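A quick write-up on the structure given underneath.
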Amino acid sequence: MSTTKVPFIDLQAQYRSIRDEIRQALDRVIDSTSFILGEEVGRFERNFAKYLDAKYCVALNSGTSALHLALVALGIKEGDEVITTPHSFIAPAEAISYTGARPVFVDIDAESFNLDISRVRGAITQKTKAILPVHLYGQPVDMSGLMEVAGERGVPVVEDAAQAHGAECLISGAWNKVGAIGKIGCFSFYPTKNLGACGEGGAVVTDSLEIFEKVRMLRNHGQKDAQYHHPFVGYNYRMTAFQGAVLGVKLKRLNEWIEARRSRAALYDEELKDTPLKTPGTVEGTKGVYHQYVVRAKDREGLKRYLEERGIETGIYYPLPIPFQGAYRHMGYKKGDFPASETCARECLSLPIYPELAGKDIRYVCANIRDWVKSA
Ligand SMILES: Cc1ncc(COP(=O)(O)O)c(C=O)c1O
C-alpha cells in the first residue's frame, strides 16, 4: 500500500507562503486596538470593489449574512418567492427562509452544475421578487442568459458568488467578474474559500447606492451615522478588523492563486480525458476559478473508497439536494422532481485542488483513478 498522502486541501501550505505578511497585518490590528470594522475593513472593501469593478462593497461577518442582507435590502418578505438552485450548500435557501419568503427550487443543468436558465423563465410568477443563482464550484452561471430572462420580467438577480471570487462571464462582448453582474453579489470568505479569511467573513457588492447604504445600516443594528439612533431593526453582522486585514493581504494574491487552480484543473482534464469519468466542462462565455474540481462517477462511493485506501482525500458536495433536506421536507418535493440535481448528488466527487497542489500529486490521483476504472 502506498504511503503517499494527498489531502483534499492544505491551508497550511498557503499560510506558509504569506506568514510574515499575515502576522504583520494582525499586529497592526492589535496595535490599533480597533477590532471591529475600522480602517483595515474599509481598505479591504474599497480594494475588493475595485477588483470586481463594482461601485460598493460592504464587509460582513459571513456569506450567509451577505445573502440575508441582500434579500432584506430588496424588501423581500413573507408571501414572496425567490428562485434558487436545489444543488448547493444550504445557505442561499436559508437566507430566503430568514426573510419569510418561499424558496422556489429550479433544477440545474448537469453539465455546468448551475441553474438551468431555460427552466427559470417558466418558474417566474407574480410573486417572484428575486432570482438567486449560485456560481457553484467556481463555475459561473450563464449570467448573460440569466440577466436577459430576469430583465424581461424586471426581477433583480442576487448572485451567490461564495465559491467564485474572480470568476468571469462574457456580457455583451466584455468580461465581467461574477458578483458584480446582478443587482447584488454575495461573497463568503470562509477559510477554505478561494479567498479565505482566518475565521468567518462575507461581503455584499453592488452598484446601487441605495442598496449599499441600506446594507451598511443593516449590518450595524440599523444605525446610520448618529450612534444609538436606529431608524429600523438591523443586525450585528459586522466584519472584524482581523479578517479585513488578512483579506487585504490575500486579495493581492488572488489572481495568482486562480491561475494556479486553472493550471491544476487543466492537468486533471488532460490526465482523465480517456476515462469514462465526467470531468467538469467549460461553459462558453465563462471563465471558472475551480473552487472545486468535480468529476461524476456512477459508482461514486466505490471510487471514493478506492482513493481513500490509497491516501487520497476526496469530498462530496452535496449528497442531498436542498429540497429533500429535513429543513425543507415540509414543502413536499419528491424524488424525481429535480432529475439533474439528484443525479449530481449521487455521482459528484470533488478531487483535491488548491493552488499549491503539486503536479505529481495530481498524476498520482489520476493514475489511481485509471487503475480503479480498469479494475471495475
Ligand atoms: C454556495 C455558498 N453560499 C453561501 C455560503 C455561506 O457562506 P458562509 O459559510 O460564509 O456563511 C457558502 C459557504 O460555505 C457557500 O458555499
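Note that the structure is a prediction, hence the values are computed from the model and not measured. Whatever order the structure lists them in is the order used to number ligands and atoms, beginning at 1.
If you look at T64 next to ligand 1, the close heavy atoms, those under 4.0 Å, come from the backbone and the side chain alike.
By the 3.5 Å distance cut-off applied to N or O atoms, S188 is counted among the residues near ligand 1.
The ligand atoms of ligand 1 that sit less than 4.0 angstrom from a heavy atom of S62 are 10 (O), 11 (O). Numbered from 1 in the order shown, with element, the atoms of ligand 1 that lie under 4.0 Å from a heavy atom of G201 read 10 (O). Atoms of ligand 1 lying under 4.0 Å from any heavy atom of V134, numbered from 1 in the order shown and given with element: 1 (C). When each atom of ligand 1 is checked for a heavy atom of A91 under 4.0 Å away, the hits are 4 (C), 5 (C), 6 (C).
No donor-acceptor pair closer than 3.5 Å links the side chain of H221 to the backbone N or O of F232. In terms of modelled atom types and a separation under 3.5 Å, the side chain of D80 and the main chain of T128 share no donor-acceptor contact.
Classification of the F35-F242 ring pair by plane angle, with boundaries at 30° and 60°, yields tilted. Using a 30° and 60° split on the angle between ring planes, Y317 and F8 fall in the parallel class, below 30°. In this structure, H68 and Y235 have perpendicular ring planes: the angle between them is above 60°, well past the 30° mark.
The closest protein non-hydrogen atom to atom 12 (C) of ligand 1 is F89 CD2, 3.5 Å. Annotation: atom 3 (N) of ligand 1 to nearest protein heavy atom, D160 OD2, 2.6 Å. For atom 16 (O) of ligand 1, the closest heavy atom belonging to the protein is Q163 NE2, 2.9 Å. Among all non-hydrogen protein atoms, the one lying nearest atom 15 (C) of ligand 1 is A162 CB, 3.6 Å.
For the 3.5 Å distance criterion, the side chains of K77 and T99 fail to qualify, holding no donor opposite an acceptor.
Residue K193 places a heavy atom under 4.0 Å from ligand 1.
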Does the salt bridge (charged side-chain N to carboxylate O under 4.0 Å, His left out) test come out yes or no for E78 and R102, once each step is laid out? CA-CA 8 Å; E78 201 174 336; R102 194 168 81 90; over 6 Å; no
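When each of I117, V155, V157 is paired with V149, the side-chain contact (heavy atoms from CB on, under 4.5 Å) condition holds for I117 and for no other.
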